[in-house]
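Single-structure report; data block below.
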Amino acid sequence: MPLPVPTDLPPSVFPEVLPPHAGAWLCVVDVEGMVRQWSVGGVDGWRDRFALGSVAKLVVALVVQSLEEHEQVRLDEPLLPGCPVTLRCLLRHTAGLPDVLPSSSLDLAQALSSRLLPPETAFSYSNLGFAVIGAWLVSRTGQPVSALAARHVFAPHAMDRASLRDDVLGAAGGLTATGEDVARLLKGLLHAPSLLKSLVTATVNVPGQPGLSAGLGCFRRVCGDTWLVEHEGFTGDAACVVCLAPEAGWGYAMLTKGWPYRLRRTRNQLESAWFGPLPAAEMPLRRLPAEAAVRYVGDYVNGPRHVRIVSRENGLHLERAGQRFPLVQAGEEHLAVAVPLRDRPPTIAVVTGADGCAVALYPFGSLRALCRSFG
């Protein structure tokens with residue numbers, strides 16, 4: 001039975017008191033384009049322009065899909081001769097690139113040589129990867145990414161006030177649009193179920209995130225019996241989420257200013273109420289065997305992020321920012337912080353190599369792999 005289009009909000013979704021100048025706008029759009037909207041704070045969601053951050057990645061994926069349909073690019077062709085990285089790797093965050101922000105310019109060969117892991121080893125969210133896509137598309141087509149987005153995405157969906165920046169980070173997080181633009185995009189994508197399905201046909205599981213997998217420029221999330229296509233965006237004090245339930249025939253967007261820390265909590269409230277419970281992994285905790293320590297001990301880095309796992313007489317410990325936390329076993333592919341940290345998930349997902357040793361960690365719920373330094 002299809003899920004009905006929501007007509008009401010779950011209780012206490014929006015806070016009663018907001019910081020000064022903060023606000024949020026929420027809309028639900030069905031396949032006919034009917035819009036239900038709610039707002040809080042000083043925003044006019046229909047007309048205000050919002051910084052949508054990483055929702056730009058979904059726009060870039062739609063550009064690539066359109067270019068592939070017109071036989072101008074191929075998802076599985078190497079970006080450079082002798083380089084194993086493809087558009088598909090980059091769009092799914094499996095190229096093995098670090099999550100570092102490039103400077104005002106980007107050298108494709110240098111960026112692609114900065115891989116921490118071989119392509120397709122593991123998922124690791126990377127803004128650098130989408131900066132590479134943007135630079136490569138400019139080189140391949142001779143057009144700026146703003147023009148490509150306008151031609152292949154904004155114009156077909158009548159997104160009259162949407163824009164994508166042309167700087168080095170534009171393809172990773174430079175999207176700006178009104179609520180009306182976003183609602184039109186939702187309606188257009190709901191009318192293209194085969195396109196949505198192609199974005200999430202071959203996904204890659206996100207370690208430590210039950211029910212979440214990465215598609216092309218978006219994520220596939222399972223809530224209850226429903227699968228969703230979505231992406232979040234965070235930039236400065238703005239945060240948003242764009243989400244579609246293709247089989248139900250509707251989707252929603254929440255655009256906020258001034259309260260980014262509440263976005264995920266609010267999104268989880270909405271999706272649990274509308275679609276069903278979020279999946280949870282049961283992980284019985286047990287003391288880590290001493291002989292297993294060698295599998296995990298070492299330094300792990302990704303750009304400015306650093307953690308270290310050390311072995312002491314009383315067991316394994318994670319060292320982070322001058323603090324030390326005891327670790328326990330929480331399953332074949334998970335460790336856990338024995339004393340949970342406030343506002344942080346306790347589990348640490350582990351990606352292991354053929355020798356059984358850890359090659360990457362996903363601590364504290366991060367989507368960015370911290371890759372092990374072997375030396």
Side-chain angles (χ1 to χ4, degrees), residues 54 57 85 89-90 92-102 111-132 172-173 204-210 212-214 219 232 234 264 281 283 285 288 292-312 315-375:
S54 287
K57 295 178 174 69
V85 176
C89 292
L90 294 166
R92 296 195 305 178
H93 299 281
T94 57
L97 295 179
D99 187 37
V100 295
L101 300 177
L112 290 170
S113 68
S114 68
R115 297 190 304 275
L116 299 171
L117 292 168
E120 302 295 352
T121 300
F123 169 90
S124 183
Y125 193 90
S126 176
N127 284 297
L128 176 61
F130 273 77
V132 166
V204 178
N205 288 335
V206 178
Q209 303 283 331
L212 186 67
S213 56
F219 291 89
E232 299 173 336
F234 293 87
R264 286 178 179 159
M283 297 183 183
L285 304 182
L288 195 73
V294 69
R295 297 176 58 193
Y296 307 108
V297 168
D299 294 305
Y300 297 81
V301 300
N302 187 331
R305 302 170 185 86
H306 294 258
V307 301
R308 172 178 293 174
I309 293 182
V310 297
S311 180
R312 297 287 183 258
L316 210 61
H317 295 259
L318 182 143
E319 293 182 348
R320 174 179 177 268
Q323 295 180 291
R324 182 179 296 170
F325 308 98
L327 296 174
V328 292
Q329 190 84 51
E332 288 299 319
E333 298 177 350
H334 290 84
L335 300 174
V337 177
V339 181
L341 304 176
R342 182 180 177 183
D343 299 327
R344 295 284 188 177
T347 57
I348 298 172
V350 181
V351 175
T352 56
D355 59 358
C357 291
V359 295
L361 303 177
Y362 296 79
F364 314 120
S366 173
L367 300 182
R368 298 160 175 85
L370 289 167
C371 297
R372 186 172 178 180
S373 301
F374 291 95

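Looking at every heavy atom in both residues, Arg92 comes nearest to Ala214 through O-CB, 3.8 Å. Shortest non-hydrogen contact noted between Ala122 and Leu117 is CB-CD1, 4.3 Å. Of all heavy-atom pairs spanning Asn205 and Pro207, the tightest one is O-CD, 3.4 Å. Contact record, Ser54 with Tyr125: OG-OH, 3.1 Å, taken as the closest heavy-atom pair. In plain terms, the two heavy atoms of Ala131 and Ala172 that are nearest each other are N-CB, 4.3 Å. Taking every heavy atom of both residues into account, Val85 and Ala95 meet most closely at CG1-CB, 3.9 Å.
Within the 4.5 Å cutoff, the side chain of Ile309 has no heavy atoms near those of the Glu319 side chain. Within the 4.5 Å cutoff, the side chain of His93 has no heavy atoms near those of the Ser124 side chain. Residues Leu367 and Asp99 have side chains not in contact (no heavy-atom distance under 4.5 Å, counting atoms from C-beta outward). A 4.5 Å side-chain heavy-atom check between Tyr296 and Leu288 finds at least one atom pair inside the cut-off. Taking 4.5 Å as the limit, every side-chain heavy atom of Val204 sits out of range of all side-chain heavy atoms of Ser213. The shortest side-chain heavy-atom distance between Phe219 and Lys57 does not fall under the 4.5 Å cut-off. In this structure, the side chains of Glu120 and Cys89 come closer than 4.5 Å at one or more pairs of heavy atoms.
Of the residues Leu370, Val337, Val350, the one that meets the side-chain contact (heavy atoms from CB on, under 4.5 Å) test with Pro363 is Leu370.
Heavy atoms of other residues, nucleotides or ligands lying less than 6.0 angstrom from CZ of Arg295 number more than 12.
Note that CG of Asp299 and OG of Ser373 are 6.0 Å apart. Values are rounded to the nearest 0.5 Å. The OG atom of Ser366 sits 11.5 Å away from the CD1 atom of Ile348 when rounded to the nearest 0.5 Å. Between the CG atom in Leu112 and the CG atom in Leu90 there is a gap of 6.5 Å [rounded to 0.5 Å].
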Self-check item: From CA spacing to verdict: side chain to side chain contact (heavy atoms under 4.5 Å, CB included), Leu335, Gln329
Solution: CA-CA 5 Å; Leu335 300 174; Gln329 190 84 51; 4.2 Å; yes
Exercise. Any chance you could lay out the side chain to side chain contact (heavy atoms under 4.5 Å, CB included) test for Ser114 and Val100, step after step, and finish with the verdict?
Key: CA-CA 10 Å; Ser114 68; Val100 295; 5.8 Å; no
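Under a 3.5 Å cut-off, the side chain of Asn127 and the backbone N or O of Leu101 do not form any donor-acceptor pair. Under a 3.5 Å cut-off, the side chain of Ser126 and the backbone N or O of Pro98 do form a donor-acceptor pair. With hydrogens and angles disregarded, a donor-acceptor distance shorter than 3.5 Å links the side chain of Arg372 to the backbone of Val297. Under the 3.5 Å distance criterion, the side-chain polar atoms of His306 are left unmatched by any main-chain donor or acceptor of Val301.
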